[in-house]
Amino acid sequence: MKKSVLSLILLFATASAAIAQNNNLRPVDDGTFTADGYKENRNLGRSDSIQSQHKEIPRGIKVWTIDERFGDRKPAVLDTLSYMFMNTVFNTGVRGEYNSLGNLGSPRQNRIFIDRKSPSEFFFLDPYDMFIVQPGDFKFTSTLSPITILDYNTAGNRTDGEDHFKAIFAVNAGKEWGFGFKFDYLYGRGYYSNQSTSHFNYSMWGSYLGERYQAHLLLSFNHQKVTENGGIANDAYITHPEAFNDSYSESEIPTILQQNWNRNDNQHIFFNHRYSLGFFRKVPMTEEEIKAKQFALKSHKAQEEKQEKAKARQRAKAQGEKFDEEAYDKEERSAGRPDNAVIAGDASQAKKESTDSISKNERTIVNLDDSTSVADNKKSVTVKDSTTQWMKDEYVPVTSFIHTLRFDNYRRIYQAYNTPTDFYAQNYFNYGTAANDSIYDRTKHWSLKNTFAIALLEGFNKWAKAGLKAFVSYELRHYELPSMQTPTGSTVAFLGREEKWNQHDLSIGGQLLKSQGKTLHYDVSAEAWLVGTRSGQFHVDGHADINFPLFGDTVKLAATAFLHRSAASFYMNQFHGKHYWWDNNLDQQIHSRVLGELSLERTHTKLRVGYDVLKNYTYFGIQNDRTLSGDNYLVQHNQLNVRQSGSPISLLTLQLQQNLRFGIFNWENVLTLQKSSKDDILPVPTFNAYSNLFIRFRIARVLHCDFGVDMRYFTSYYAPEYIPGIGAFGIQETAASRTKIGNYPVLDAYANFRLQHTRFFVMFSHVNSSDGGDYFFTPHYPLNQRILRFGISWNFFN
């Protein structure tokens with residue numbers, strides 16, 4: 001597998017270089033295409049391509065995300081920083097805040113409730129949010145020159161290792177057009193048996209940023225395949241290995257399931273475009289824009305000189321003369337006026353004519369004042385021209401008309417060839433004419449949504465302190481699930497034809513937004529569903545922040561609040577499968593939140609306080625029996641139900657993020673306290689911590705180094721249990737088999753490096769693993785033991 005991945009890396013590197021070399025793009029005069037990772041090389045540099053090693057090229061890239069509803073661009077940072085690069089490989093999150101099944105690419109769920117995303121309509125994909133990028137989070141690009149980014153990290157070997165390869169290529173065709181593609185492949189074989197994962201993503205994007213018209217297009221294709229093992233057969237293999245007569249390696253520990261898979265295939269199209277009415281005004285160029293324009297002028301002048309020299313060579317050849325390169329170059333250097341030469345004005349010429357006339361005793365009257373005035377005027381014009389040389393015309397949009405189209409297509413299959421006896425409590429139908437233990441549950445879903453909006457934009461004059469927008473959306477959704485049919489005279493049901501549903505909704509809403517300025521910003525939006533299946537649903541969201549100096553520090557106070565009345569997913573109301581089946585009529589959930597944030601820039605302190613209230617909270621409840629049989633447990637009578645809490649649930653969150661620096665020593669901490677009013681329905685750990693202690697220094701002024709150890713920890717609690725048959729997490733409801741996890745620190749030791757545009761790391765993950773550890777982040781799914789990991793990211797321009 002490693003050879004295959006390395007071959008892919010070489011293939012993409014060669015293809016990217018070939019594509020880039022065939023794009024003879026002229027540099028643009030917009031110098032804002034920079035990111036933190038490129039500040040040291042954002043002016044001019046040599047190409048990384050061998051064929052163009054003597055040609056200077058501009059370097060820089062600008063990235064942004066867009067609002068899914070209005071297409072507003074929000075500046076983003078390209079993932080090129082070495083900071084925390086080593087933790088981007090983990091399924092448990094950069095700071096270990098997710099519960100997961102342990103293997104790379106396995107399902108996960110955030111333990112910090114205020115950071116947990118709301119369930120989507122096709123919630124089967126929610127546990128794979130590490131891999132699947134939503135349009136609102138996708139980073140569009142615009143580059144000064146073609147750029148290729150190759151990421152690869154690996155651990156283990158061909159039997160149980162992990163590999164993740166990602167390639168991004170971005171290029172511009174002029175200033176307005178930007179294009180790119182991303183290839184992402186993840187393969188985790190799994191250190192425990194029957195837990196391999198294989199994910200594939202291919203995305204293409206394009207953007208057009210004109211003065212009046214702007215458009216963004218994103219195409220994405222995804223495939224996820226996860227082998228389900230149901231967890232290990234006895235947690236004691238990890239917590240008390242001395243209780244067994246034999247010693248077991250990770251791959252030898254028995255698991256509950258074999259030959260079970262979850263497969264998800266999904267395709268997405270996102271298109272947003274807008275046309276704006278406005279006016280032009282003159283504004284100064286930024287420093288980066290001036291440098292880019294100077295480079296363009298210099299390149300244009302060099303090209304003209306090259307063409308003139310070629311013409312001179314051709315003339316000499318036509319006349320039968322020998323072309324003298326040295327003489328021509330010397331003549332060209334001495335010809336022309338230097339850039340700093342001063343042109344004589346009319347005043348000097350007038351003075352000369354006056355002197356000549358007097359010497360010839362001619363009665364010529366010269367008005368030196370008028371001549372001097374003309375000279376002064378021309379001089380001022382010359383100065384003005386020099387000043388306005390670095391001015392640009394900026395188009396100021398006043399009103400925008402916006403259209404957004406989103407199409408999502410999903411297919412999910414849960415397949416099993418070998419199911420343990422009595423593993424499920426119910427068997428609703430059989431395949432074929434006889435009972436069997438195979439499973440082939442399938443569902444299809446697609447949705448088409450159109451949104452039309454009109455926006456009165458902020459900032460087009462001093463009185464327009466905020467922007468005002470209004471929109472209307474229409475969504476059509478289609479679902480397919482299996483049905484049952486019982487032949488005449490039979491008591492056994494069999495799989496019938498697929499049952500189909502169509503749902504539609506019409507909603508309207510608006511937004512009041514102030515994003516410009518340095519002191520105060522706010523954003524208030526509302527949406528109400530008027531017609532359709534979700535009639536009566538509404539969302540009100542608000543955010544405000546204020547920034548001010550205090551005792552030499554910059555203080556930021558922010559507040560976020562929302563009130564959401566939301567209908568449950570179609571699949572929470574209806575689901576048909578061989579062993580899980582329900583038809584519900586759930587009430588709409590009401591979720592309100594108030595979240596405050598205090599940030600101090602100098603002390604690197606951030607404090608968050610949040611309070612949530614949920615009514616009609618909807619969740620999965622899982623019931624099963626775990627019976628000891630020999631060394632292993634038999635898991636039987638699995639039953640899954642959709643629950644809805646009638647009484648409100650409240651949750652309080654307090655989080656402190658504090659970073660300390662003493663010279664080369666750095667200590668970063670994220671500490672979170674949570675308290676749920678109903679732990680049996682909405683369980684969260686009381687305390688969650690991430691701590692990172694490292695030293696940062698440079699070698700020979702070019703090699704940036706981070707050496708450190710980080711830790712993730714949370715207190716024990718009855719965490720949600722993973723349900724293979726539905727691909728989601730549910731609450732443990734069987735008192736006799738409820739299992740706690742937590743109260744175990746996981747330590748990683750790492751060395752992180754950056755050399756120009758190359759990042760790489762070496763890490764020992766879970767260095768404190770030993771016999772008798774309680775390292776579970778999901779009940780019955782242990783984490784991997786001590787592993788040596790390596791990762792590299794190479795960014796280069798062509």
* Asked: Yes or no on side chain to side chain donor-acceptor pair (under 3.5 Å) for E162 and N153, after CA distance, side-chain angles and deciding distance?
  -> CA-CA 8 Å; E162 303 173 353; N153 63 79; over 6 Å; no

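- Applying the ring-ring contact (aromatic ring centres under 6.0 Å, His included) criterion to Y690, with sequence neighbours excluded, gives no partner residue.
- Ring-plane geometry between Y713 and F687 is classed as tilted, the angle between the planes lying from 30 to 60 degrees on a 0 to 90 degree scale.
- Side chains of N222 and Q224 form a contact here, defined as non-hydrogen atoms less than 4.5 Å apart.
- F85 is linked by a ring-ring contact (aromatic ring centres under 6.0 Å, His included) to F761, counting only residues two or more places apart in sequence or in another chain.
- Taking the ring centroids of Y187 and H199, they lie at or beyond the 6.0 Å cut-off.
- Across every non-hydrogen atom of D137 and T65, the tightest pair is O-CG2, 3.9 Å.
- Heavy atoms from other residues, nucleotides or ligands lying under 6.0 Å from CZ of F665 number 12 at most.
- Checked options I132, I168, N201; the residue passing with D184 is N201 (criterion: side-chain contact (heavy atoms from CB on, under 4.5 Å)).
- In this structure, the side chains of Y611 and R593 stay at 4.5 Å or more apart for every pair of heavy atoms.
- Figure legend: cation-pi geometry between R111 and F777, with NZ or CZ positioned under 6.0 Å from the six-membered ring centre and within 45° of its axis.
- With ring centers used as reference points, Y185 lies 6.0 Å or more from F165.
- Here the closest heavy-atom approach between residue Q655 and residue T672 is recorded as NE2-OG1, 2.8 Å.
- Using a 4.0 Å cut-off between charged nitrogen and carboxylate oxygen, D115 and R608 count as a salt-bridge pair.
- Ring pair H216/F138: centre-to-centre distance not below 6.0 Å.
- Under the 6.0 Å cut-off for aromatic ring centres, F790 and F760 do not qualify, their centroids lying 6.0 Å or more apart.
- For D523, there are no salt bridge (Lys or Arg N to Asp or Glu O under 4.0 Å) partners at least two apart in sequence or on another chain.
- Side-chain N or O atoms of Y192 include one that pairs as donor or acceptor with a backbone N or O of L783 at under 3.5 Å.
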* To do: Please test E601 against D553 for side-chain contact (heavy atoms from CB on, under 4.5 Å), starting from the C-alpha separation and ending with a verdict.
  => CA-CA 6 Å; E601 184 176 320; D553 198 355; 3.7 Å; yes

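- The aromatic ring centres of Y152 and H164 sit 6.0 Å or more apart.
- Between G727 and N262, the closest heavy-atom pair is CA-ND2, 4.1 Å.
- Contact annotation: the side chain of D545 never approaches that of Y522 to less than 4.5 Å [non-hydrogen atoms, C-beta and beyond].
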* Asked: When you look at T197 and N103, which way does the side-chain contact (heavy atoms from CB on, under 4.5 Å) test go after all the steps?
  -> CA-CA 8 Å; T197 59; N103 190 30; 3.6 Å; yes

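- Evaluation of the salt bridge (Lys or Arg N to Asp or Glu O under 4.0 Å) rule for R661 yields E668 as partners, not counting sequence neighbours.
- No side-chain heavy atom of N752 sits less than 4.5 Å from a side-chain heavy atom of F694.
- For the pair K62/R73, a side-chain contact is recorded, criterion being any heavy-atom separation below 4.5 Å from C-beta on.
- Remark: the backbone N or O of R786 is paired with a side-chain donor or acceptor of S769 at under 3.5 angstrom.
- The pair D710-R712 meets the salt-bridge criterion, since a charged nitrogen lies less than 4.0 angstrom from a carboxylate oxygen.
- In this structure F729 satisfies the ring-ring contact (aromatic ring centres under 6.0 Å, His included) test together with Y722, sequence neighbours excluded.
- A cation-pi geometry, defined here as NZ or CZ lying under 6.0 Å from the six-membered ring centre and within 45° of its normal, holds between R108 and Y98.
- A donor and an acceptor atom, one from each side chain of T227 and S196, are located under 3.5 Å apart.
- A salt bridge is defined here as a Lys NZ or Arg NE, NH1 or NH2 lying under 4.0 Å from an Asp or Glu carboxylate O, and D160 with R189 fails to meet this definition.
- You'll find the side chain of D126 reaches within 4.5 Å of the side chain of S120, heavy atoms only.
- N669 and S691 form a side-chain donor-acceptor contact under 3.5 Å, judged by distance and modelled atom types alone.
- Under the 6.0 Å distance and 45° angle rule, R789 does not count as a cation-pi partner of F90.
- Ring pair F169/F181 is tilted by interplanar angle, where 30° to 60° counts as tilted.
- Residues passing the ring-ring contact (aromatic ring centres under 6.0 Å, His included) test with F200 are F183, sequence neighbours excluded.
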